[in-house]
Amino acid sequence: MGHTRRFVVGTAGHIDHGKTALVKALTGVDTDRWEEEKRRGITIDLGFAPLPLDGDGDLQASVVDVPGHEGFVKNMLAGATGIDLALLVIAADEGVMPQTEEHLAIVELLGVRRGVPVLTKCDLVDDEWIGMVRTEVTERLKASRVQWAAPVAVSALTGEGLDELRSVLAAVAVDLPERPAADLFRLPIDRVFAVAGAGTVVTGSTWSGTVAVGESVHVLPLDREARVRSIEVHGEAAQRAAPGRRTALALVGVDKDELDRGDVAVTGAGWAATTTLDVALELLPGARKPLAVRTRIRVHLGTAEVLGRVAQVRSIAPGETGLARLLLERPLVARGGDRFVVRSFSPVTTIGGGIVLDPFPPKRPRVSERGLSAEQPPHERLARLVEGAGLGGVALRDLPVRLGSLPDAVTGIIDLAGKGVLRSGDFLVARRALSAEVERLAGLVAAHHDAHPLDAGLSLQALRAAVAASGEPVAGPILDLLVEQGVKKLAFEVAGAVVRRPGWKATLQSHAGDSGGRLVRRLAAARWQVPTVAELQQEFAELAVPPLLAHLAREGGVEQVDQERYAAKPALEEFRRTLETALQEMGRATPAQLRDRTGLTRKYLIPLLEWADRQGITKRQGDARVLARLTGATDGS
Ligand SMILES: Nc1nc2c(ncn2[C@@H]2O[C@H](COP(=O)(O)OP(=O)(O)OP(=O)(O)O)[C@@H](O)[C@H]2O)c(=O)[nH]1
Ligand SMILES: [Mg+2]
């Protein structure tokens, strides 16, 4: 079995230069189907025709015929976007004309690699004239970034040159880069219609990947899953769609009225409609004025045309390329590395185009500060994207779309991204973002120790919550990595459910001893005039007084009197002895009598008496107190 080649050929060229006639002469198909096209003798919308290039069907092209009229460049763009090879059609009697130039620029901006210039209507001119036009065209295309074959002179009328054109096409096709099948399926939709029995049919040139009958595609921006009921490739029923081929999908689960040219059918993860693109934007040398910030433009990407504005750019002069952020008025579907064309809002002319560097840019930083460029290899762009993502990180599953890389290549790209990119589970996060956060968290842990010097540390749960509170949601694996890094860098240590400063336990005694000693000395000086915890806290504002007192009570230096008071242990012992002596002498005593005996005002005396009651030293008898033990012994007899 021979190696089958499938590719899409697109016409390009000025109005009336013979594109449709050439397609008809090559394929036998008249692609001007519409009544208006027939009546006006011009092409308005895209036409399609299969073009077999050899006898056994191994080499099969599909032709997209586009309109040359300057009013329909928008349709031309929708057709030119998926082509592998351009046929630049130039009428020999007219030569290079305005839309020859515009279509040439579009084909270049879209990154079409190969092309064949075709000089048509050769029956209308003599050989000498053809030679002149051939020279003019060859000269004009010399500087083009498309690799052009030598011009082929043909006549659709006489059939002259058609065989030569076929063999040139076949020769070029052999070294066209094959679009990889092991990629995400993507079909930018150029037509939508309903077919009785088949339901909703969408067509387009498959850009990448494959999908089979019975599988599902995701339709965007609609955001809907639709099952593929049947497939046609190059007009024939097929089990599977493949890249570089004209494809029709009959879809179940979506209505014809819900879809439009510009929508996209895809498979795989990471796809989403977007209204913001970070791009490298090129302004054509022929553009009439520089592209300044806020300029309203038309963005053509895939088969979509969306209005938008240029942001975050100082100014791009004609002939220059610069970084810009595009803010779109409606969402479209883009992938990293996608080419697009920009037309001015009014008058509508093609002014430039560019490459998508990031289809999902973060709000900050600005595109100019992100270190992105159209020239950098994927692993460098990945490093920049991950850095820009901060603690939110980048999900692995999003990378094929975001970078525009083959799914199989992603692991290798990550390996090359260097030490700045860390992986945890299915996420990538920048080492720099992690380090900054680890430092911040170490600060939080330290602050917690200061505020709660006797606590074992900050709870792990509180630490993780503090990360989330700092901005965008942070995925579990990234939180895990943060804690791991913090521990590795000795920023903190994890003990059970608690995070603490490394060696925190060892410093506990001396740290508490110092502050605790001050409190103990203060309470000893107060003796029976016991201050409240609130008063102490006011006095020792820099200390966390309540936990410190609780700690000192556990150590035995102080004793809790009631909810609001702690007293120095020796002072309380002394009060107990004084009280017992007084009551042994007096039998019973009122607070007024005890006030005289102790020299304490009611404010200080009452809490101590109630403490003694609770301790079982004293007990109340009316408004007086008696010793609990003695009365107990007396009463009990
Ligand atoms: N004599 C002669 N006339 C031709 C040839 N090819 C096209 N024409 C005529 O040129 C006119 C335009 O041809 P089309 O094929 O419709 O041109 P087109 O480039 O498709 O035009 P648009 O799609 O509207 O841009 C028609 O009247 C054709 O019959 C040719 O090789 N020889
Ligand atoms: Mg035409």
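Whatever order the structure lists ligands and atoms in, that order sets their numbers, starting from 1. Just so you know, residue 1 is the first one in the sequence shown, and it goes up from there. What you see is a predicted model; the values in this text were computed from it and never measured.
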Carboxylate-amine/guanidinium contact R39 E35, below 4.0 Å = yes
task = State, without any angle test, whether S205 and R246 hold a side-chain donor-acceptor pair at a distance under 3.5 Å.
result = yes
query = Got a sec: is T20 within less than 2.8 Å of the Mg ion (ligand 2) via an N/O/S atom?
reply = yes
key: Short N-O contact, E282 and R145, less than 4.0 angstrom   = yes
ask   = Does ligand 1 have an atom under 4.0 Å from some heavy atom of G13?
value = no
query = Any side-chain heavy atom of P400 within less than 4.5 Å of one from L406?
reply = no
task = Would you indicate which of T11, I44, D16 comes nearest to atom 21 (O) of ligand 1 when only heavy atoms are counted?
result = D16
key: Per-atom contacts, ligand 1 versus S155 - under 4.0 Å to a heavy atom   = 31 (O)
request  = Would you kindly specify which portion of L124 sits under 4.0 Å from ligand 1, judged on non-hydrogen atoms: side chain, backbone, both or neither?
outcome  = side chain
task = Provide, to 0.1 Å, the distance between atom 17 (O) of ligand 1 and the closest protein heavy atom, together with that atom's residue and name.
result = G18 N, 3.1 Å
query = Are D358 and R384 ion-paired here, with the side-chain N under 4.0 Å from a carboxylate O?
reply = no
ask   = Counting only non-hydrogen atoms of the protein, does one fall under 4.0 Å from atom 32 (N) of ligand 1?
value = yes
Taking every non-hydrogen atom, the tightest pair across P290 and S315 = CB-OG, 3.4 Å
query = For atom 23 (O) of ligand 1, what's the nearest protein heavy atom and its distance?
reply = T43 OG1, 2.6 Å
ask   = Any chance the side chains of E102 and T349 put a donor and an acceptor closer than 3.5 Å?
value = no
remark   = Min over K19, H103, K24, E160 of heavy-atom distance to atom 25 (O) of ligand 1 lands on K19
key: Is_contact(atom 27 (O) of ligand 1), protein non-hydrogen, under 4.0 Å   = no
query = Would you say T295 and V313 make side-chain contact, with heavy atoms under 4.5 Å?
reply = no
ask   = Of the backbone atoms (N, CA, C, O) and the side-chain heavy atoms from C-beta on, which set of D123 has a member under 4.0 Å from an atom of ligand 1: side chain, backbone, both, or neither?
value = side chain
request  = Give the minimum heavy-atom separation between V133 and A92, together with the two atoms involved.
outcome  = CG2-O, 3.4 Å
request  = Any atoms of ligand 1 less than 4.0 Å from a non-hydrogen atom of A156? List them with their elements.
outcome  = 6 (N), 30 (C), 31 (O)
task = Return a yes/no value for G68: is any of its N or O atoms, backbone included, closer than 3.5 angstrom to an N or O of ligand 1?
result = yes
query = Of the protein's non-hydrogen atoms, which lies at the shortest distance from atom 10 (O) of ligand 1, and what is that distance?
reply = K121 NZ, 3.0 Å
key: Interfacing atoms of ligand 1 (cut-off 4.0 Å, heavy-atom, T20)   = 15 (O), 18 (P), 20 (O), 23 (O)
query = Got a protein heavy atom sitting under 4.0 Å from atom 5 (C) of ligand 1?
reply = yes
inquiry  = With a 4.0 Å cut-off on N to O distance, would you call K24 and D65 a salt bridge?
reply    = no
inquiry  = Using a 4.0 Å cut-off to any heavy atom of I42, which atoms of ligand 1 qualify?
reply    = 24 (O)
inquiry  = Salt bridge or not between D263 and R224? Use side-chain N to carboxylate O under 4.0 Å.
reply    = no
key: Shortest non-hydrogen contact between P117 and L141, atoms and distance   = CG-CD1, 3.6 Å
request  = Enumerate the atoms of ligand 1 whose separation from the nearest heavy atom of I15 is less than 4.0 angstrom.
outcome  = 24 (O), 25 (O)
query = Among protein heavy atoms, which lies nearest atom 15 (O) of ligand 1, and at what distance?
reply = A21 N, 2.7 Å
task = Please determine if the Mg ion (ligand 2) has an N/O/S atom from T31 lying under 2.8 Å away.
result = no
